[in-house]
Trainee: 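Sharing a structure here in C-alpha cells format.
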Amino acid sequence: MILEICNVSCGYCQREPVLKDVTFSVKTGEICCLLGPNGVGKTTLLKTLLGTLKLLDGEIMLDGEALSKWGPKKRAKAIAYVAQTHVPPFPYKVKDVILLGRIAHIGYFGQPSAKDKEFVEETLNELGIYSLRNKEYTDISGGERQLVMIARSLVQEPDFLVLDEPTANLDFGNTVKVLKHLILLKEKGLGIIMTTHSLDQAFYLNSSAALLTGKKALKFGAADSVLTRKNLKEVYGIDIKVVEFLDEEGKVIKICVPVF
C-alpha cells in the first residue's frame with residue numbers, strides 16, 4: 001500500500017498556510033522521518049494527515065483513495081497515531097489502556113471479545129512488555145509508556161503508524177528500545193511516518209527523509225541524499241557535517257555533527 005501526500009497545503013482557518021504544495025509518499029514496509037526546525041509545520045502536517053485539521057488544498061491518498069472522503073472509523077483502521085506525550089487521567093491497567101485501541105473495530109458502545117483481549121496479549125508479548133500487563137499505567141516509566149502507546153496503536157491493525165517525536169524526553173536506553181521496535185514493525189510490513197529532532201535517527205532507521213525547509217517547501221528522498229551538509233545548513237542555519245565511521249562489524253555508521 002502507498003500513502004501519498006499530493007500537493008498538500010495545510011494550516012489553520014483564515015490564516016496563511018503553514019505549508020504549501022507538499023508532496024511525498026510512503027509505502028508499507030518503509031519509514032519516513034519528518035524533519036525540520038521548531039515551528040516549521042511538522043505537527044501541522046501530521047494533524048492534517050490524521051484528519052484533525054482540514055486540508056486547505058491538495059489531497060492525501062491511500063492506495064488511490066482520497067482520505068478526505070473517509071469517516072473517522074475507516075481512517076482509524078488504516079492509520080494509527082502515537083502522540084509525543086500522554087498523561088493518563090486514571091490509573092488504568094496497562095492491558096486496559098491497550099485494549100482501548102480496539103474501539104475502531106468494536107465501536108464505542110460494543111464489548112471487547114475474547115479475540116480482542118487475546119490480540120492485546122499477543123501485542124504485549126511482541127513488544128516485550130508482557131510483564132507490564134497488570135501494572136497501573138500511571139506507575140510505569142516514560143519509555144514503557146511510549147511502548148504501551150505503540151501497542152495501543154498496533155491493536156488498531158493499521159497499515160500506517162504516525163508518531164510525533166516518539167523518543168522525546170526518553171533516556172538513551174529507552175530511545176534505542178523504541179527505535180529497535182520501529183525497525184521490527186517496518187520489517188513486518190507497517191508503514192511509519194514520524195517526526196524527530198534527531199537527524200541521526202533517519203540514518204539509524206535507514207529511512208527516507210522529508211526535510212521541511214522553513215520556506216513552505218520540502219526536500220524528500222533517501223536520508224543519504226537529503227541530509228547533506230548543504231541542505232542542513234540551509235534549513236538549520238548552522239554548519240552540520242555528516243560523519244561516517246565503521247563499527248566493529250564493518251558497518252558504515254553515519255552521524256550529524258555541528259561544526260564550531
Side-chain angles (χ1 to χ4, degrees), residues 1-6 8 10-11 18-19 22-36 40-55 58-63 65-68 70-86 97-98 100-105 123 127 145-170 175 178-198 201-202 205-212 218 220 223:
M1 301 183 77
I2 182 169
L3 183 66
E4 298 174 280
I5 289 82
C6 307
V8 162
C10 55
V18 177
L19 293 170
V22 171
T23 297
F24 67 96
S25 62
V26 185
K27 295 179 181 177
T28 46
E30 293 181 348
I31 298 177
C32 175
C33 287
L34 190 58
L35 304 160
V40 79
K42 299 186 296 297
T43 300
T44 301
L45 182 56
L46 289 192
K47 288 180 178 179
T48 305
L49 173 62
L50 294 165
T52 57
L53 273 181
K54 188 176 180 181
L55 273 168
E59 192 56 85
I60 299 172
M61 313 284 288
L62 180 55
D63 265 6
E65 292 188 41
L67 294 189
S68 59
W70 288 18
K73 187 173 182 178
K74 185 176 181 180
R75 191 186 291 247
K77 288 181 179 180
I79 303 172
Y81 174 60
V82 178
Q84 182 181 143
T85 57
H86 179 253
V97 172
I98 296 172
L100 291 171
R102 295 298 295 168
I103 287 175
H105 295 272
T123 305
L127 287 178
R145 284 186 190 178
Q146 196 67 320
L147 289 174
V148 170
M149 288 296 97
I150 291 173
R152 188 177 73 172
S153 296
L154 291 179
V155 299
Q156 289 179 219
E157 298 182 85
D159 300 299
F160 290 89
L161 185 61
V162 174
L163 306 101
D164 192 5
E165 296 187 45
T167 60
N169 305 314
L170 298 187
T175 292
V178 169
L179 295 178
K180 283 183 175 180
H181 281 300
L182 293 181
I183 291 172
L184 291 174
L185 294 174
K186 177 190 75 169
E187 291 172 349
K188 289 182 179 181
L190 199 66
I192 296 172
I193 300 175
M194 57 178 277
T195 63
T196 178
H197 281 298
S198 174
Q201 289 183 7
L205 295 169
N206 192 25
S207 75
S208 58
L211 182 62
L212 297 172
L218 174 141
F220 176 74

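Residue numbers run from 1 in the order of the sequence given.
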Trainee: To the nearest 0.5 angstrom, please state how far the CZ atom of Phe220 sits from the CG atom of Leu35.
Mentor: 11.5 Å

Trainee: Report the distance from atom CG of Leu45 to atom CZ of Phe24, rounding to the nearest 0.5 Å.
Mentor: 5.0 Å

Trainee: Please tell me if the side chains of Lys77 and Pro158 come closer than 4.5 Å, counting only heavy atoms from C-beta onward.
Mentor: no

Trainee: Quick one: are Arg75 and Leu67 in side-chain contact, heavy atoms under 4.5 Å?
Mentor: yes

Trainee: Decide yes or no for Leu55 and Val8: does some side-chain heavy atom of the first lie under 4.5 Å from some side-chain heavy atom of the second?
Mentor: yes

Trainee: Work out which heavy atom in Gly41 is nearest to a heavy atom in Leu212; give both atom names and the distance.
Mentor: C-CD1, 4.0 Å

Trainee: Could you walk me through whether Gln146 and Val82 pass the side chain to side chain contact (heavy atoms under 4.5 Å, CB included) check?
Mentor: CA-CA 8 Å; Gln146 196 67 320; Val82 178; 3.9 Å; yes

Trainee: Verify the neighbour count for atom CG of Asn169: are there more than 12 heavy atoms of other residues, nucleotides or ligands below 6.0 Å?
Mentor: no

Trainee: Among Val26, Ile5, Leu205, find the residue that satisfies the side chain to side chain contact (heavy atoms under 4.5 Å, CB included) test when tested with Cys32.
Mentor: Val26

Trainee: Could you grab the distance from atom CD1 of Ile2 to atom NZ of Lys27, nearest 0.5 Å is fine?
Mentor: 5.5 Å

Trainee: After noting the C-alpha distance and the side-chain angles of Thr28 and Asp159, does the key distance pass the side chain to side chain donor-acceptor pair (under 3.5 Å) rule?
Mentor: CA-CA 7 Å; Thr28 46; Asp159 300 299; over 6 Å; no

Trainee: Are Leu53 and Thr44 packed together at the side-chain level, in the sense that at least one heavy-atom pair is separated by less than 4.5 angstrom?
Mentor: yes

Trainee: Would you say Ile103 and His105 make side-chain contact, with heavy atoms under 4.5 Å?
Mentor: no

Trainee: Could you report the tightest heavy-atom contact between Pro166 and Thr195, atom names first, then the distance?
Mentor: CD-O, 3.4 Å

Trainee: Under 3.5 Å, is there a donor on one side chain and an acceptor on the other for Glu165 and Thr196?
Mentor: no

Trainee: Under a 3.5 Å threshold, yes or no: a donor from one side chain and an acceptor from the other, between Glu30 and Ser207?
Mentor: no

Trainee: Are Glu157 and Arg102 side-chain neighbours, meaning at least one heavy-atom pair lies under 4.5 Å?
Mentor: yes

Trainee: Check Arg152 against Ile98 and note the closest heavy-atom contact, atom names and distance.
Mentor: CG-O, 3.7 Å

Trainee: Among Asp164, Leu49, Leu163, Leu161, find the one that has a side chain to side chain contact (heavy atoms under 4.5 Å, CB included) with Tyr81.
Mentor: Asp164

Trainee: Give a yes or no on whether the backbone of Ala76 and the side-chain of Gln156 come within a donor-acceptor separation of less than 3.5 Å.
Mentor: yes

Trainee: State, to 0.1 Å, how close His181 and Leu147 come at their nearest heavy-atom pair, and which atoms those are.
Mentor: CD2-CD2, 3.4 Å

Trainee: Mind checking the SG-NZ spacing from Cys10 to Lys54? Nearest 0.5 Å is all I need.
Mentor: 14.5 Å

Trainee: If you draw a 6.0 Å radius around NZ in Lys180, do more than 12 non-hydrogen atoms from other residues or ligands fall strictly inside?
Mentor: no

Trainee: Give the C-alpha distance, both sets of side-chain angles, the deciding distance and a yes or no for side chain to side chain contact (heavy atoms under 4.5 Å, CB included) between Leu218 and Leu19.
Mentor: CA-CA 9 Å; Leu218 174 141; Leu19 293 170; over 6 Å; no

Trainee: Measuring from atom OG1 of Thr123 to atom CD1 of Ile150, what distance do you get when rounded to the nearest 0.5 angstrom?
Mentor: 12.0 Å

Trainee: Side chain to side chain contact (heavy atoms under 4.5 Å, CB included) for Met1 and Leu62? Distances and angles first, verdict last.
Mentor: CA-CA 7 Å; Met1 301 183 77; Leu62 180 55; 4.0 Å; yes

Trainee: Would you mind reporting whether Leu190 and Leu182 have side-chain heavy atoms less than 4.5 Å apart?
Mentor: no

Trainee: As an exercise, state the distance from CG of Leu179 to CD of Gln201, rounded to the nearest 0.5 Å.
Mentor: 4.5 Å

Trainee: Backbone N or O of Thr48 within a donor-acceptor pair of the Thr52 side chain at under 3.5 Å?
Mentor: no

Trainee: Taking the side chain as everything from C-beta on, heavy atoms only, tell me whether Glu65 gets closer than 4.5 Å to Lys74.
Mentor: yes

Trainee: Between the side chain of Lys42 and the main-chain N/O of Gly36, is any donor-acceptor distance below 3.5 Å?
Mentor: yes

